[in-house]
Engineer: 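The following block contains the structure, expressed as structure tokens.
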Amino acid sequence: MPRGPCSLVRVSATPVAVLAVALVSSLSRCSLLEPENSVVSALSPYFGTKTRYEDANPGLLPDPEVPRRDPELLEETCTPVQLVALIRHGTRYPTTKQIRKLRQLHGLLQARGAEDDRTRAAGRGDLGAALADWPLWYADWMDGQLVEKGRQDMRQLALRLASLFPALFSRENYGRLQLVTSSKHRCVDSGAAFLQGLWQHYHPGLPPPDIADMECGPPRINDKLMRFFDHCEKFLTQVERNATALYHVEAFKTGPEMQNILKKVADILQVPVNNLNADLIQVAFFTCSFDLAIKGVKSPWCDVFDIDDAKVLEYLNDLKQYWKRGYGYSINSRSSCTLFQDIFQHLDKAVKQKQRLADMDNLEAWWTNTNPNHCNTGLTEK
């Protein structure tokens with residue numbers, strides 16, 4: 001979704017209603033080339049947070065600017081007082097760490113050289129050659145930055161929310177809107193794109209001004225609130241800096257399920273299995289997702305893995321999140337209490353001020369912020 005003063009800036013709004021939208025930070029990827037036709041992969045359901053939004057929510061495909069309302073929440077049946085939402089950042093590039101691992105893997109493929117003719121297995125061996133020739137266009141400078149598709153994700157989200165809750169997103173409230181974000185560039189840029197989407201809603205057809213010139217001002221950075229785990233000494237000691245905290249993750253990486261995938265991939269790519277490890281395999285798997293989202297193409301990396309492989313790799317990612325951000329350690333969820341408390345203070349205040357003046361705040365965090373909060377609410381127990 002990532003990562004000051006403890007309190008948010010609170011500005012009075014009209015008596016109609018209150019808006020507190022917490023834009024949470026990240027899905028990955030976006031777009032150097034906008035595809036005309038939707039390209040899909042059978043692996044998409046297993047990419048976790050690397051899944052394209054439109055794959056996770058096919059309802060976005062017909063018209064990504066039109067909201068879909070729950071039939072139980074029909075208009076006129078209730079009056080919204082406050083909206084609190086944790087919204088992930090838009091599509092982003094891979095991180096530099098991921099890009100370097102992919103470059104390492106690409107180097108192994110290109111190093112096979114003259115051995116290809118001798119060692120290439122019939123049919124499937126051609127896949128290694130295709131991957132060796134597949135352009136490696138990712139560069140270190142990209143480092144998880146928001147791409148144009150990610151900005152589009154946020155603009156369209158703003159349009160959907162504004163259409164879904166017109167009283168909350170009224171033109172009069174726009175100048176009182178305040179977004180708070182972590183210092184992560186993809187979160188700051190997501191917040192800015194969200195504001196541009198609202199501008200488009202209020203001023204159809206007019207180009208948005210610079211964010212600094214908008215009535216509500218640019219997103220405000222507050223790492224202490226939004227990157228709470230970086231400011232929780234217990235979490236840093238017990239989990240982040242603890243070499244044994246992810247013991248179960250490391251054990252799974254060397255376990256039979258992952259070793260079977262390593263051997264299979266080594267055979268497909270015709271590279272020594274000793275040159276591969278679980279981290280390289282996981283990056284190769286996610287590259288299928290990155291290429292789908294960023295270029296709108298199904299790269300040869302998607303053909304390296306089948307559904308059974310995808311389930312194992314999805315479990316590996318979930319296992320890490322369980323121990324580092326989820327129920328694995330109690331401090332994971334407890335570290336989010338500052339943000340959790342802030343959200344409920346806004347809700348309590350909205351109830352008390354119901355038909356009177358209310359505050360209108362937007363927060364922007366990132367994905368790993370939501371997991372600890374989900375644990376606090378029990379939303380991820382099932």
Engineer: Please check: side-chain N/O of Ser163 versus main-chain N/O of Arg160, any donor-acceptor pairing under 3.5 Å?
Structural biologist: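 A pair under 3.5 Å: no.
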
Engineer: Under 6.0 Å from the OH atom of Tyr315, do we count more than 12 heavy atoms belonging to anything else shown?
Structural biologist: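 No, because the 6.0 Å sphere around OH of Tyr315 holds 12 heavy atoms or fewer from other groups.
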
Engineer: For residues Ile307 and Ala42, report the shortest heavy-atom separation together with the two atoms involved.
Structural biologist: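 Where Ile307 meets Ala42 most closely, the heavy atoms are CD1-O, 3.4 Å.
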
Engineer: Is it true that Glu257 and Lys311 make a salt bridge, defined as a side-chain N closer than 4.0 Å to a carboxylate O?
Structural biologist: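 The answer is no: the pair does not qualify as a salt bridge.
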
Engineer: As a quick check of understanding, evaluate side chain to side chain contact (heavy atoms under 4.5 Å, CB included) for His201 and Arg155, giving each step before the final call.
Structural biologist: CA-CA 9 Å; His201 173 73; Arg155 290 192 294 264; over 6 Å; no

Engineer: Please check: side-chain N/O of Thr95 versus main-chain N/O of Gln98, any donor-acceptor pairing under 3.5 Å?
Structural biologist: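 Side chain of Thr95 to backbone of Gln98, a donor-acceptor pair under 3.5 Å: yes, one is there.
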
Engineer: Minimum heavy-atom separation for Tyr202 to Ser170, with atom names?
Structural biologist: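 Reported closest heavy-atom pair: OH-O, 3.3 Å.
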
Engineer: Give the minimum heavy-atom separation between Val304 and Ile268, together with the two atoms involved.
Structural biologist: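 The pair with the smallest heavy-atom distance is O-CD1, 3.5 Å.
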
Engineer: Walk me through it: do Ile294 and Trp137 pass the test side chain to side chain contact (heavy atoms under 4.5 Å, CB included)?
Structural biologist: CA-CA 11 Å; Ile294 297 174; Trp137 59 275; 2.9 Å; yes

Engineer: When you group the ILVMFWY residues by side-chain heavy-atom contacts below 4.5 Å and let the links chain together, are Val283 and Leu43 in the same group?
Structural biologist: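 Yes; tracing contacts between hydrophobic side chains, which count when under 4.5 Å, links both residues.
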
Engineer: Do Leu109 and Leu276 land in one hydrophobic cluster if side-chain heavy atoms of ILVMFWY residues count as linked below 4.5 Å?
Structural biologist: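 Yes, Leu109 connects to Leu276 through the hydrophobic network.
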
Engineer: Could you check whether Arg325 makes a cation-pi contact with Phe229, meaning its NZ or CZ is under 6.0 Å from the centre of the six-membered ring and within 45° of the ring axis?
Structural biologist: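 Because its charged atom sits under 6.0 Å from the ring centre and within 45° of the axis, Arg325 does stack over Phe229.
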
Engineer: Show your working on salt bridge (Lys or Arg N to Asp or Glu O under 4.0 Å) between Asp306 and Lys264 and close with a plain yes or no.
Structural biologist: CA-CA 11 Å; Asp306 59 25; Lys264 172 185 171 180; 2.9 Å; yes

Engineer: Less than 4.5 Å apart, side chain to side chain, heavy atoms only: is that true for Tyr174 and Trp199?
Structural biologist: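 Result yes, sub-4.5 Å side-chain heavy-atom pair found.
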
Engineer: Distance check, rounded to the nearest 0.5 Å: Thr96 atom OG1 versus Gln145 atom CD?
Structural biologist: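 The distance works out to 8.5 Å.
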
Engineer: Does a side-chain heavy-atom distance below 4.5 Å link Val188 with Ser183?
Structural biologist: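 Not touching, per the 4.5 Å side-chain cut-off.
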
Engineer: Check this for me: does any side-chain nitrogen of one of Glu240 and Lys234 sit under 4.0 Å from a carboxylate oxygen of the other?
Structural biologist: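 Lys234 and Glu240: not salt-bridged.
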
Engineer: With a 6.0 Å cut-off on ring centres, are Tyr93 and Phe290 close enough?
Structural biologist: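 No: the rings miss the under 6.0 Å criterion.
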
Engineer: Quick one: are Phe169 and Leu198 in side-chain contact, heavy atoms under 4.5 Å?
Structural biologist: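 In contact.
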
Engineer: Side-chain contact test, heavy atoms from C-beta onward, threshold under 4.5 Å: evaluate it for Tyr53 versus Leu157 and give yes or no.
Structural biologist: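 The answer is no; the side chains never approach within 4.5 Å.
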
Engineer: Can you name the nearest heavy-atom pair linking Pro219 to Gly191, along with the distance?
Structural biologist: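 Nearest heavy atoms, Pro219 then Gly191: CG-C, 3.8 Å.
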
Engineer: Check whether any side-chain heavy atom of Leu262 sits under 4.5 Å from a side-chain heavy atom of Ile281, and report yes or no.
Structural biologist: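 Yes, their side chains come closer than 4.5 Å.
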
Engineer: Taking disulfide bond (SG atoms under 2.5 Å apart) as the cut-off, I'd like each qualifying pair that reaches into residues 248-300, sequence neighbours left out, listed once.
Structural biologist: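 Qualifying pairs: Cys288-Cys302.
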
Engineer: Could you give me the CA-CA distance, side-chain angles and deciding distance for Ile331 and Cys232, then say whether side chain to side chain contact (heavy atoms under 4.5 Å, CB included) is met?
Structural biologist: CA-CA 9 Å; Ile331 191 60; Cys232 177; 4.0 Å; yes

Engineer: Give the cluster check for Val312 versus Val273: same hydrophobic cluster or not, with ILVMFWY residues linked at side-chain heavy-atom distances below 4.5 Å.
Structural biologist: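 Per the 4.5 Å side-chain linkage, Val312 and Val273 are co-clustered.
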
Engineer: Same cluster or not: are Phe340 and Leu347 linked, directly or through other Ile, Leu, Val, Met, Phe, Trp or Tyr residues, by side-chain heavy atoms under 4.5 angstrom apart?
Structural biologist: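 The answer is yes; both residues are in one hydrophobic cluster.
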
Engineer: Under a 3.5 Å distance rule, please check whether Asn242 uses its side chain to pair with a backbone N or O of Gln238 as donor and acceptor.
Structural biologist: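 It does hold such a pair.
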
Engineer: How long is the straight-line distance from CZ of Arg52 back to CG of Asn57, given to the nearest 0.5 Å?
Structural biologist: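 Interatomic distance, Asn57 CG to Arg52 CZ, rounded to 0.5 Å: 13.0 Å.
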
Engineer: Is the shortest side-chain N to carboxylate O distance from Glu250 to Lys320 below 4.0 Å?
Structural biologist: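 Not counted as a salt bridge, because no side-chain N and carboxylate O are separated by less than 4.0 Å.
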
Engineer: Does the side chain of Met258 come within less than 4.5 Å of Lys263's, by heavy atoms?
Structural biologist: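 Contact flag for Lys263/Met258 side chains = no.
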
Engineer: With clusters defined by side-chain heavy atoms of hydrophobic residues (ILVMFWY) lying less than 4.5 Å apart, directly or transitively, does Leu206 cluster with Leu195?
Structural biologist: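 In one cluster: yes.
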
Engineer: Thinking salt bridges, do Asp279 and Lys253 make one under a 4.0 Å N-O criterion?
Structural biologist: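 Looking at Lys253 together with Asp279, the answer is yes, because their closest N to O distance falls below 4.0 Å.
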
Engineer: For Val180, is there any backbone N or O sitting under 3.5 Å from a side-chain donor or acceptor partner on Arg220?
Structural biologist: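 Side chain of Arg220 to backbone of Val180, a donor-acceptor pair under 3.5 Å: no, none is there.
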
Engineer: Nearest 0.5 Å, please: how far is CD1 in Ile343 from CG in Asp348?
Structural biologist: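 If we round to the nearest 0.5 Å, Asp348:CG and Ile343:CD1 are 12.0 Å apart.
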
Engineer: Would the distance check show the side chain of Gln110 and the main-chain N or O of Gly107 forming a donor-acceptor pair, the cut-off being under 3.5 Å?
Structural biologist: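 It does not hold such a pair.
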
Engineer: Flag the pair Arg103 and Asp140 as a salt bridge only when some basic side-chain nitrogen lies within less than 4.0 angstrom of an acidic carboxylate oxygen.
Structural biologist: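 Judged by the 4.0 Å cut-off on N to carboxylate O distance, Arg103 and Asp140 do form a salt bridge.
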
Engineer: Before you tell me yes or no, could you show the steps for Ser190 and Leu146 under side chain to side chain contact (heavy atoms under 4.5 Å, CB included), namely the whole-Å CA-CA distance, both residues' side-chain angles and the distance that decides it to 0.1 Å?
Structural biologist: CA-CA 7 Å; Ser190 289; Leu146 201 69; 3.6 Å; yes

Engineer: How close do Ile211 and Pro218 get, heavy atom to heavy atom, and via which atoms?
Structural biologist: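 Nearest heavy atoms, Ile211 then Pro218: CG2-CA, 3.3 Å.
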
Engineer: If you measure from CG on Asn332 to OH on Tyr322, what distance do you get to the nearest 0.5 Å?
Structural biologist: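 So the gap between those two atoms works out to 9.5 Å.
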
Engineer: Are Phe285 and Phe47 close enough that their ring centres sit under 6.0 Å apart?
Structural biologist: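 Aromatic pair counts; centres sit under 6.0 Å.
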
Engineer: Where do Tyr46 and Glu314 come nearest, in terms of heavy atoms and distance?
Structural biologist: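 Residues Tyr46 and Glu314, closest heavy atoms: CD2-OE1, 3.4 Å.
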
Engineer: Within a strict 4.5 Å, meaning less than it, do heavy atoms of the Val249 and Phe252 side chains meet?
Structural biologist: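 Sidechains of Phe252 and Val249: no contact.
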
Engineer: Distance alone, cut at 3.5 Å: any donor-acceptor contact between the side chains of Asp291 and Tyr138?
Structural biologist: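 The criterion, which ignores hydrogens and geometry beyond distance, is satisfied for Tyr138 and Asp291.
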
Engineer: Nearest 0.5 angstrom please: Leu319 CG to Leu246 CG, how far?
Structural biologist: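 Reported to 0.5 Å precision, the distance equals 8.5 Å.
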
Engineer: State whether the side chain of His106 and the backbone N or O of Ala132 hold a donor-acceptor pair below 3.5 Å, judged by distance alone.
Structural biologist: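 Checked: pair present.
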
Engineer: If we only count heavy atoms from C-beta on, is the Thr181 to Met226 side-chain gap below 4.5 Å?
Structural biologist: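 Side chain of Thr181 against side chain of Met226, heavy atoms only: no contact under 4.5 Å found.
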
Engineer: Let me confirm one number: the CG-CG distance from Leu269 to Asn275, rounded to the nearest 0.5 Å.
Structural biologist: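 The CG atom of Leu269 sits 11.5 Å away from the CG atom of Asn275.
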
Engineer: Between Gln341 (side chain only) and Thr338 (backbone N and O only), is there a donor and an acceptor less than 3.5 Å apart?
Structural biologist: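 No, the answer is negative, given that no donor and acceptor are paired below the 3.5 Å cut-off.
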
